[in-house]
Amino acid sequence: MNSYPTIEDRIIDDGRLSDWLEKQILETRDLDLSQTVEDVKKLQVILNKRMDRRIKERKTFKTQVNLTAISFDD
């Protein structure tokens with residue numbers, strides 16, 4: 001049985017982490033740490049790109065919504 005830092009268990013038991021993050025911490029205990037760090041970096045890139053795309057979509061939608069309509073009644 002491996003021994004893990006008490007601080008790690010305290011963080012998990014604190015209850016402020018999302019369920020997903022708590023599961024990832026527990027799941028990665030038996031994995032190679034360097035590979036896990038590389039995977040997390042890849043995930044960060046994916047999430048950053050997703051965030052950028054969502055921001056662009058929101059800006060585009062806001063711009064389209066704020067367009068002045070052309071009135072053909074004049």
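Within the 4.5 Å cutoff, the side chain of Arg53 has no heavy atoms near those of the Lys49 side chain. Proximity of Ile25 to Leu17: side-chain heavy atoms (C-beta onward) are separated by under 4.5 Å at one or more points.
Leu43 and Met51 fall into different hydrophobic clusters, where Ile, Leu, Val, Met, Phe, Trp and Tyr are joined by side-chain heavy atoms under 4.5 Å apart, directly or via other members. Cluster annotation: Leu26 is not connected to Leu33 through the hydrophobic network of ILVMFWY side chains, with a link wherever side-chain heavy atoms come within less than 4.5 Å.
Asp52 has no carboxylate O lying under 4.0 Å from a charged side-chain N of Arg58, or vice versa, which leaves the two without a salt bridge. By the 4.0 Å N-to-carboxylate-O rule, Glu38 lies too far from Lys42 to be salt-bridged with it.
Every residue two or more places apart in sequence or in another chain that forms a side-chain hydrogen bond (donor to acceptor under 3.5 Å, both in side chains) with Asp32 is listed here: Ser34.
Atom CD of Glu22 and atom CD of Gln24 lie 10.5 Å apart (nearest 0.5 Å). Interatomic distance, Arg50 CZ to Leu47 CG, rounded to the nearest 0.5 Å: 5.5 Å.
With Ser18 contributing its side chain and Leu21 its backbone, the two residues share a donor-acceptor pair below 3.5 Å.
Under the side-chain contact (heavy atoms from CB on, under 4.5 Å) rule, Gln44 has a single partner from Ile46, Asn48, Val40, which is Asn48.
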